[in-house]
Peer 1: 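First, the structure itself, so that you have it in front of you.
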Amino acid sequence: MRPDTLERISPWEWRLQPTGSMRVPGVIYASEPLLRDMEEDVLIQLAGVASLPGVTGTVYAMPDAHTGFGFPIGGVAAMDPDRGGVISAGGVGYDIACGVRVLLSGMHIDDLLPHQETLADALFATIPAGVGSTGAIRLNDDETDAMLARGAAWAVGRGWGRGDDLAHIEDHGTAPGAEPELVSAEARKRQRDEMGTLGSGNHYLEIQVVEDIIDATAAEAFGLRLGDVLVAIHCGSRGLGHQVATDYSKLMLAEAPKHKITLPHRDLACAPIRSELGRRYLGAMRAGINCALANRQILTHLVREAFERVFRKSVALPLLYDVAHNTCREEEHRVGPVSRRLYVHRKGATRALPPGHPALPAEFSKVGQPVLVGGSMGTASYILAGVAGSEGKSLSSACHGAGRLMSRGEAKRRFQGREVVGSLKRQGILVRTPSFKGVAEEAPGAYKDVHMVIEVTQHAGLARPVAKVRPVINVKG
DNA sequence: ATGTAC
């Protein structure tokens, strides 16, 4: 988009004044080059979000923003339930509670490299990946209810993981307020044999090495040392989350006239938070969050099993942290002079709590929340930390990845999956995938420069970089 | 993102 359509607040911040049906202003965090590469549709989608009933304060686009379904991916917006505020299924995203978790191996890269091929094969054999991938677990209806009610805590109770994992997951691994009975039979059916699977698209399982420590104090609190091997898991709520989004987006579209909501776009279908449909979606969405948390927990267990087989010893692989970047949470935020309970939509945006926040585990209290940012396959990923002052800037949110630079279709025209895999291998990155088409769509060249995204995130005061990591193995869905 | 369209 052209920078001259926006008000430049700083080299990192651009303001969209309310016009037309917009109720509040928008802010895009970007450098001028990132802004020029951002599609014009991000602005249109952000203006649409700013037009929704009950929207409060300012709506935000993170530096990795690109167009999505309804909301931009990289969009943050808070809705006030006491002022007609709405919840939008498209605003949460079709992959409910899609997110990233990082495990610490305690291993040095030099001890892993002799086993790189073996570990890549073991992970690919252990972790079901790809469209429609199914796992070894079968859930009957009662088990599905338990999973949807308790999330990662259910998985740990079933033996997939350890109790200490839960302390490093948002809400201790269980989204409160889940109502499994509001998840349709169709959604349940789609999930029956998809627990513990990676899925496709931008989902991946990566073995990474810490190649730069930027903030030594925070790195120590996070347990990160130069040369350390990490495991990153990026996935979500699979078929169940998708079906919940489909079911409720349809209902929200049909009911919008009843609630006298004028939708800027049908993809922004929404319902008042204080309506029957709004409450029902919240209950189903929270069940979807639990599905994603349980899924990442089972995958964690499978990763531990693969490590054990390859290294012939138990590798603890403790969980650093687990963040969802497609979600809506009830949170307390200051709006002007008062504090209000708001429903914060973060779609392709990561919560980034500042130091001292009561929701943080004690060991992160001094340095802030780990913010896990997944780059593209061939480039770096980052671990950041939340910073003081981010609440007034982005409702304590930060970027979630590098952000797409081009559509999947364009990426398929521009890149060949096999060539991408070959080129990555020459760079020391082993890719294992069921789909070369998927690799082409996810080619590093299809993404923005993650370093530029992190630079903006830092200078805009959304989060600060702690460590930079690069991949050595990527299991691509 | 997704049993890659009802």
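Please read these numbers as outputs of a predicted model, since none were measured by experiment. Labels below follow one simple rule: chain letters A, B, ... track the order of the sequence lines, proteins then strands, and each chain is numbered from 1.
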Peer 1: Any idea which heavy atoms bring A:Val27 and A:Leu46 closest together, and the distance?
Peer 2: O-CD2, 4.1 Å
Peer 1: Can you sort out the partners of A:Glu419 under side chain to side chain contact (heavy atoms under 4.5 Å, CB included), two or more places apart, ordered by chain and number?
Peer 2: A:Gln416
Peer 1: Can you list everything that forms a side chain to side chain contact (heavy atoms under 4.5 Å, CB included) with A:Phe436? Sequence neighbours excluded, please.
Peer 2: A:Arg418, A:Val421, A:Thr433
Peer 1: So which protein nitrogen or oxygen atoms get under 3.5 Å of nucleotides 4-6 of chain B's nitrogens or oxygens?
Peer 2:
none

Peer 1: Would you call A:Glu331 and A:Arg346 a salt bridge, taking side-chain N to carboxylate O under 4.0 Å as the test?
Peer 2: yes
Peer 1: Quick one: label A:Arg192 by what it contacts on the DNA or RNA (base, sugar-phosphate, nothing), any heavy atom closer than 4.0 Å.
Peer 2: nothing
Peer 1: In terms of side-chain geometry, is the basic nitrogen of A:Glu410 or A:Arg413 positioned less than 4.0 Å from the acidic oxygen of its partner?
Peer 2: no
Peer 1: Atom CG of A:Asn295 and atom P of B:dT2: how far apart are they, to the nearest Å?
Peer 2: 10 Å
Peer 1: Can A:Glu391 and A:His333 be counted as having a side-chain donor-acceptor contact under 3.5 angstrom?
Peer 2: yes
Peer 1: Check residues 152-160 of chain A and write down every donor-acceptor pair under 3.5 Å in which the side-chain atom is one partner and the other belongs to a residue at least two apart or another chain.
Peer 2:
unit_1: A:Trp154; atom_1: NE1; unit_2: A:Glu143; atom_2: OE1; d: 2.9
unit_1: A:Arg158; atom_1: NH1; unit_2: A:Glu143; atom_2: OE1; d: 3.3
unit_1: A:Arg158; atom_1: NH1; unit_2: A:Glu143; atom_2: OE2; d: 2.5

Peer 1: Taking only residues two or more places apart in sequence or in another chain, which ones pass side chain to side chain contact (heavy atoms under 4.5 Å, CB included) with A:Ala47?
Peer 2: A:Leu16, A:Met22
Peer 1: Residues from residues 234-243 of chain A sitting under 4.0 Å of DNA chain B, heavy atoms only?
Peer 2: A:Arg238, A:Gly239, A:His242
